[in-house]
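Working notes for the structure below.
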Amino acid sequence: MPDYILAIDQGTTSSRAMIFDARLQPVSVAQQEFDQHFPQDGWVEHDAEDIWHSVISVVRRALGDAGLTATAISAIGITNQRETTVLWDAATGEAVHPAIVWQDRRTAEFCDRLHAAGHEPLINERTGLLIDPYFSGTKLHWLLDNVAGARERAARGELRFGTIDSFLLWRLTGGKVHRTDATNASRTLLFNIHTQQWDDQLLELLNIPASLLPEVLDNTADFGITDPSLFGAGIPICAMAGDQQAALVGQACFHPGSVKSTYGTGCFMVMNTGTTPVQSGHRLLTTVAYRLAGETTYALEGSIFVAGAAIQWLRDGLKLIRHADETEALAEQVGDQSGVYLVPAFTGLGAPYWDPLARGAILGLTRDTGIAEIVTAGLQSVCFQTRDLLEAMQADSAMPMSTLRVDGGMVVNNWMVQALANTLGVPVDRPQVTETTALGVACLAGLHVGLFTGLEDLARHWDCERSFAPVMPEARREELYAGWLDAVERVRRPAHANRTGEG
Ligand SMILES: Nc1ncnc2c1ncn2[C@@H]1O[C@H](COP(=O)(O)OP(=O)(O)O)[C@@H](O)[C@H]1O
Ligand SMILES: O=P(O)(O)OC[C@H](O)CO
């Protein structure tokens, strides 16, 4: 029996294909970047054809590099950048407009109107989300209103909506299957996370015809079979999941209170809260962690917009460093003593503040402050923002976090991960396989075809590469964090003043 699994990881800046063997060891990986389009201030688009071609190309390369044919693959799992919205023609499979990316802010005004009309409590209660352009629903509303003829074509049943998982599934199956999974559905603003169905009242509120929507399945299911012309033989697609939820699975966070945090351009922290949804009192999102055999496990999620992007800014904007990996040695020289704080609120602040008007600042400068101190403050900002999320999660869930599992491009930085443990006051574990997104969806696909017996079996495949224990005295930890909270307040004050006309 073929027992390799192919994971397709369609991310914001690149597409990746990874093949794993039956022990979940990576066998080959191929990656391809694609263009980002910024047609107007605050708009971010992808060409759906670029995404499609990049996916086909990386899958073929991963198979070739592993010396495998399609018949050796027992299952495909698809994981994806979430919320990014595609509307396509059912007859041709062609998108009627470029995909509107999760970062795109074009629907901010519409969101303000929904907010002003008092719709947030209903939306929050049904979907676990907030009214924000981040989610797919208002993007789809925009497409229907702004693409010529789209509403009429939708009414005639000619169009399909999907997040990237759905669009890829449609294309991979030769235009036969219109499905998504519960985690991706839970990011649309249209899906009731309690009933696990599209919500008629929300569809009416956003004026979205139900005929556009995909069928929602568990994360492990018979989603469809790839068209044999693509890879030489049909391969069953047995799992789909949004990328942050896939990373939760890849980090084996299967018990209530277990948490993972992914540090790439931004940071996404997700806590498994078990089979009862936890409504946040701190503006965190309540979302579907995974749905297996009809049983939904929920999560709390906090998103930080700027994590590794702060290091990119230090490198490309300020030109203080040439490579991201120089930051580790600079921070080792400085330690945590400098008193400098960098608040990277370049595009406002995400959870738990959700303050779009806040702007960044560097505070605590003295004549002694140099490049190393500012770079160190950049790394520390990621740790302090994680502590903000942790405080909110623990207050909401009343679940004490015993360890944090981390992944993403930043966690190669040992100084940063140690500072994270010190800032949080809990051990931080880094896994052997840091490609947790691809790994997670491979786990799900393997589960469906019987390579693994269940979640406990999967958890046994998770290996810790290094655990970082907190070594900072508590008084010092609290003193440093108090300095951060003060710095955040300072960047928020002018924003509040502007908003209320007091400034
Ligand atoms: N040694 C390092 N120290 C700190 N940050 C790093 C280091 N290496 C990479 N990064 C940061 O990690 C990010 C890349 O992580 P990655 O997971 O590939 O991001 P994404 O998937 O969002 O593109 C970049 O923002 C980069 O600045
Ligand atoms: O593609 P990534 O890794 O930047 O993840 C994007 C998130 O899914 C957006 O919610």
Side-chain angles (χ1 to χ4, degrees), residues 8-16 29 31-34 36 44 46 51 54 78-85 99-104 129 132-136 139 163-165 183-184 186-189 240-248 250 260-270 285 287 299 301-318 320-332 344 346 350-351 375-383 406-420 430 434-438 440-441:
I8 296 173
D9 177 1
Q10 203 304 297
T12 310
T13 56
S14 70
S15 300
R16 232 177 273 199
V29 57
Q31 180 169 359
Q32 188 172 314
E33 293 192 0
F34 53 85
Q36 311 287 310
V44 188
H46 292 160
I51 289 184
S54 68
I78 302 174
T79 180
N80 55 290
Q81 54 169 321
R82 304 166 305 167
E83 299 97 12
T84 299
T85 299
I100 304 184
V101 179
W102 59 278
Q103 296 148 319
D104 189 292
L129 309 176
D132 191 273
Y134 180 17
F135 307 108
S136 319
K139 299 181 196 292
T163 40
I164 296 293
D165 55 308
T183 63
N184 275 297
S186 78
R187 316 296 297 189
T188 59
L189 221 62
M240 303 213 298
D243 57 8
Q244 301 309 319
Q245 284 88 343
L248 190 77
K260 73 89 201 175
S261 215
T262 300
Y263 297 92
T265 309
C267 158
F268 297 89
M269 188 173 187
V270 183
L285 308 175
T287 201
E301 174 174 325
S303 326
I304 302 170
F305 300 142
V306 177
I311 307 304
Q312 285 166 2
W313 175 71
L314 293 169
R315 186 193 60 192
D316 305 335
L318 297 193
L320 299 186
I321 49 173
R322 272 173 306 155
H323 299 289
D325 57 14
E326 292 166 24
T327 58
E328 186 165 349
L330 290 171
E332 273 165 9
F346 303 136
V375 166
T376 304
L379 293 175
Q380 285 176 299
S381 73
V382 177
C383 306
V406 294
D407 53 68
M410 276 195 99
V411 305
V412 294
N413 187 318
N414 291 321
W415 190 91
M416 195 285 269
V417 185
Q418 181 60 57
L420 188 60
R430 188 168 64 191
T434 50
E435 295 283 356
T436 56
T437 304
V441 86

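All ligand and atom numbering here is 1-based and tracks the order in the structure.
- Of the possible polar contacts, none joining the Thr265 side chain to the Ala309 backbone as a donor-acceptor pair under 3.5 Å is found.
- Ring geometry for Tyr134 against Trp102 counts as tilted: the plane angle lies between 30° and 60°, on a 0 to 90° scale.
- Within the 4.5 Å cutoff, the side chain of Ile311 has no heavy atoms near those of the Tyr263 side chain.
- Using a 4.5 Å heavy-atom cutoff, the side chains of His46 and Gln10 are not in contact.
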Walk me through whether Asn80 and Thr163 qualify under side chain to side chain donor-acceptor pair (under 3.5 Å). CA-CA 9 Å; Asn80 55 290; Thr163 40; 4.8 Å; no
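- In terms of modelled atom types and a separation under 3.5 Å, the side chain of Lys139 and the main chain of Pro133 share a donor-acceptor contact.
- With Thr262 contributing its side chain and Cys267 its backbone, the two residues share no donor-acceptor pair below 3.5 Å.
- At least one side-chain heavy atom of Met410 sits less than 4.5 Å from a side-chain heavy atom of Val382.
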When you check ligand 2 against the protein, what N or O pairs turn up below 3.5 Å? List the atom names and distances, or just say none.
{"from": "ligand 2", "atom 1": "1 (O)", "to": "Thr12", "atom 2": "N", "distance (Å)": "2.9"}
{"from": "ligand 2", "atom 1": "1 (O)", "to": "Thr12", "atom 2": "OG1", "distance (Å)": "2.6"}
{"from": "ligand 2", "atom 1": "1 (O)", "to": "Asp243", "atom 2": "OD2", "distance (Å)": "3.2"}
{"from": "ligand 2", "atom 1": "3 (O)", "to": "Asp243", "atom 2": "OD2", "distance (Å)": "3.3"}
{"from": "ligand 2", "atom 1": "4 (O)", "to": "Thr12", "atom 2": "OG1", "distance (Å)": "3.0"}
{"from": "ligand 2", "atom 1": "5 (O)", "to": "Asp243", "atom 2": "OD2", "distance (Å)": "2.8"}
{"from": "ligand 2", "atom 1": "8 (O)", "to": "Arg82", "atom 2": "N", "distance (Å)": "3.1"}
{"from": "ligand 2", "atom 1": "8 (O)", "to": "Arg82", "atom 2": "NE", "distance (Å)": "3.0"}
{"from": "ligand 2", "atom 1": "8 (O)", "to": "Asp243", "atom 2": "OD1", "distance (Å)": "2.5"}
{"from": "ligand 2", "atom 1": "8 (O)", "to": "Asp243", "atom 2": "OD2", "distance (Å)": "3.3"}
{"from": "ligand 2", "atom 1": "10 (O)", "to": "Arg82", "atom 2": "NE", "distance (Å)": "3.2"}
{"from": "ligand 2", "atom 1": "10 (O)", "to": "Arg82", "atom 2": "NH2", "distance (Å)": "3.0"}
{"from": "ligand 2", "atom 1": "10 (O)", "to": "Glu83", "atom 2": "OE1", "distance (Å)": "2.7"}
{"from": "ligand 2", "atom 1": "10 (O)", "to": "Glu83", "atom 2": "OE2", "distance (Å)": "3.4"}
{"from": "ligand 2", "atom 1": "10 (O)", "to": "Tyr134", "atom 2": "OH", "distance (Å)": "2.8"}

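- Around ligand 1 you find Thr13, Gly264, Thr265, Gly308, Ala309, Ile311, Gln312, Ala324, Asp325, Thr327, Gly408, Gly409, Met410, Val412, Asn413, each with a heavy-atom distance below 4.0 Å.
- Remark: side-chain polar atoms of Gln36 are paired, donor with acceptor, to backbone N or O of Thr12 under 3.5 angstrom.
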